[in-house]
Amino acid sequence: MALRLFNTLTRTEEEFRPIEDNHVRMYTCGPTVYDFAHIGNFRAYTFEDVLRRYLKYKGYRVTQVMNLTDIDDKTIRGCQAEKIPLDQYTARYKKAFFEDIDSLRIERAEIYPEATKHIGEMVAIIAKLRAKGIAYEMNGSIYFKISSFPEYGKLSHMDISQLKAGARVASDEYEKEQVSDFALWKAWDESDGPVFWETEIGKGRPGWHIECSAMSTKYLGNHFDIHCGGIDNMFPHHENEIAQTEAATGEKFVNYWLHNDHLVVEGRKMAKSFGNFFTLRQILKRGYPAVAVRYLLMSTHYRQQLNFTFDGLEAAKAAIERLHDFVGNLGAVSGGKLNPVVDELINRVLADFETALDSDLNMSAALGAVFDFVRDINRLIHDKHMSEVDAKKVISTMARFDTVLAVLQREDAALDAEIEEMIDRRNQARKNKNFAESDRVRDELLAKGIVLEDTPLGTKWKRKL
RNA sequence: GGCGGCUUAGCCAAGUGGUAAGGCAGAGGUCUGCAAAACCUCUAUUCUCCGGUUCGAAUCCGGAAGCCGCCUCCA
């Protein structure tokens, strides 16, 4: 079956067809590296990770580009506050960003271009737009003339003439021909301090939108398959990207625009004033495993607003433990007669999983299929209708799912000598029917995060998530 | 003011015309020295509310209420 994706451009679900056979080129809006990213940011990156993993699952080769915005108002303000160079300031948050996505098991994109290393490419586009008469200069800054791009608004379905002149417009004191014209290049002023580039279009720094146009087309070509981002970037950011890129190249820019909805925390929008604003690091500090955050972020359909709660995080943790136990228990199945029902169940869950994800990445439905499968197989194990060969097939099916889900891999360290000694001591006590002692040792181990299971094959242990 | 989305059990969340997936939590049972894991049974006659269309609506239409967004640099 074919993958279908909801395209913001057309507001319909469309069958996905890459431009190049079997090769998908996608651009995903990345972080502005001025602070630690919050869980809302990671919802976007987790969604994009699921997308790229599922594309690969379907056999596509993926080239993903994710930008690092390391020059904008906030990074300038930040480095000035600390009185350190811009690159030194942003380096800290670039490093943190990669640590965070690693802990969430977000696969690395192929390319992470940094805005500050692509000023030349941006200048080239701006110069081209100016030569075409689509951009104009005003007091050293350069603006894109929206009236010269009749299709402006086609992504967000906004009618520019209806836009309310908001408070934020007033803060942009430059004299533009039209309020909705946006900056391609910002002339240097004193508040920028040492942050500027001397270029053929003047002394200053790029506007925000231009970096994405410059870096996406550099690495993916003028026309590529997918562009993702948070729903808030739809307007104006992506709308402006389309305008400036298509005006410059004369070609269609992107075929499929995908936008993830925001998350709210405990039923309210995430805001520092509500005390419900969390970075990933803060969540981890509270003792939750990153993989539970991953599960929670991806388990709701990406175009649905997600309610992030600590109860939900506990539930996510428990759900992952069920999956871990499932795979662990399969490993203990030995001998037995081949059961053809297992193949039927595998075929069914593969079909259901893929149908769900093909349908605009319906992860909730896909997980539902996986858990149905878990219950059905557990029943066969319980009734002793599973063979070792069957169990191995189930394990590899789960591994296949996990190339998309990425929640199965355990981070169990080996037991240290002290804990092994405790387990031995407990088993000795059990043998002697000294259950008071054995239960005491078990509680002690539990306090260390080690859970014991006494099975017919002996005592098994696992680490709590 | 313009535009968009959402409201399904205690919590999270699928389902978009044919009689309510799944996860978590909870109750009872089997297994176990006791647990754990697993299995079995139970847990929404009903989908925010009010109308309408239809043989049939959580699903379509109209209205109301509540919540969340975007409207110039916020994922």
Side-chain angles (χ1 to χ4, degrees), chain A residues 11 28-32 37-48 69 72-74 156-166 168-169 171-172 176 179-183 186 207-209 228-237 239-240 259-264 267-270 295-296 299-301 303-309 311-323 325-326 328-329 332 352 356 362-372 374-375 378-383 430 433-436 438-439 442-443 446 451-456 459-462:
Chain A
R11 305 288 159 109
T28 49
C29 275
T32 300
H38 58 70
I39 51 175
N41 300 117
F42 288 115
R43 182 185 194 193
Y45 309 141
T46 303
F47 146 62
E48 289 151 2
T69 300
D72 81 319
D73 292 350
K74 284 180 297 225
S156 55
H157 295 199
M158 294 267 223
D159 179 354
I160 292 307
S161 65
Q162 295 297 311
L163 292 187
K164 181 180 164 188
R168 282 199 262 179
V169 175
S171 68
D172 210 352
K176 295 183 278 190
V179 284
S180 46
D181 287 352
F182 59 90
K186 296 181 168 185
W208 173 38
H209 317 294
C228 301
I231 193 170
D232 53 330
N233 276 159
M234 199 167 91
F235 188 89
H237 183 52
E239 196 69 61
N240 291 351
H259 293 96
N260 62 279
D261 207 330
H262 282 189
L263 61 74
V264 295
R268 311 184 73 181
K269 64 179 170 179
M270 185 164 63
Y295 185 97
L296 183 56
S299 59
T300 297
H301 185 93
R303 284 193 294 112
Q304 205 67 35
Q305 201 169 67
L306 178 147
N307 186 13
F308 188 100
T309 66
D311 280 350
L313 210 46
E314 290 289 350
K317 196 166 87 169
I320 295 166
E321 284 192 306
R322 178 164 163 84
L323 295 175
D325 288 340
F326 176 62
N329 292 341
D352 289 350
N362 188 341
M363 185 56 90
S364 315
L367 289 170
V370 171
F371 280 101
D372 277 340
V374 168
R375 191 198 52 235
N378 268 331
R379 189 179 296 148
L380 294 180
I381 297 174
H382 178 263
D383 295 343
R430 288 184 72 224
K433 305 243 186 277
N434 183 356
F435 294 121
S438 73
D439 289 353
R442 183 170 61 193
D443 287 346
L446 187 62
V451 182
L452 297 185
E453 295 179 18
D454 299 320
T455 75
T459 299
K460 281 171 38 180
W461 65 273
K462 67 181 180 191

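Numbered from 1 within each chain, the chains take letters A, B, ... in sequence-line order.
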Does B:A13 have its OP1 or OP2 closer than 4.0 Å to a side-chain nitrogen or oxygen of A:Asn307? no

In whole angstroms, the gap separating P of B:G15 from CG of A:Leu367 amounts to 13 Å

Give A:Asp73 one of three labels, base, sugar-phosphate or nothing, depending on what nucleic acid heavy atoms sit under 4.0 Å from its own. nothing

May I ask which nucleotide in the shown strands pairs with B:C3, Watson-Crick or G-U wobble, both distances under 3.5 Å? B:G69

Integer angstrom distance from the P of B:G29 to that of B:G22: 24 Å

For B:C42 versus B:A21, give the span between their P atoms, rounded off to a whole number of Å. 13 Å

Please work out if A:Phe435 contacts a base, only the sugar-phosphate, or nothing of the nucleic acid, heavy-atom cut-off 4.0 Å. base

When you compare B:A65 with B:U48, how far apart are their C1' atoms, in angstrom units rounded to a whole number? 8 Å

Compare the aromatic ring of A:His262 with the six-membered base ring of B:A75 and state whether they stack according to the 5.5 Å and 30° rule. yes

Find the distance A:Ile320:CD1 to B:C12:P and express it as a whole number of Å. 18 Å

Which part of the nucleic acid does A:Asn329 contact within heavy-atom distance under 4.0 Å: base, sugar-phosphate only, or nothing? sugar-phosphate

For B:G63 and B:G56, measure between their C1' atoms and round to the nearest Å. 23 Å

P atom, B:C12 versus B:U54: distance in rounded Å? 37 Å

Is there a side-chain contact between A:Asn260 and the phosphate of B:A75, meaning an N or O under 4.0 Å from OP1 or OP2? no

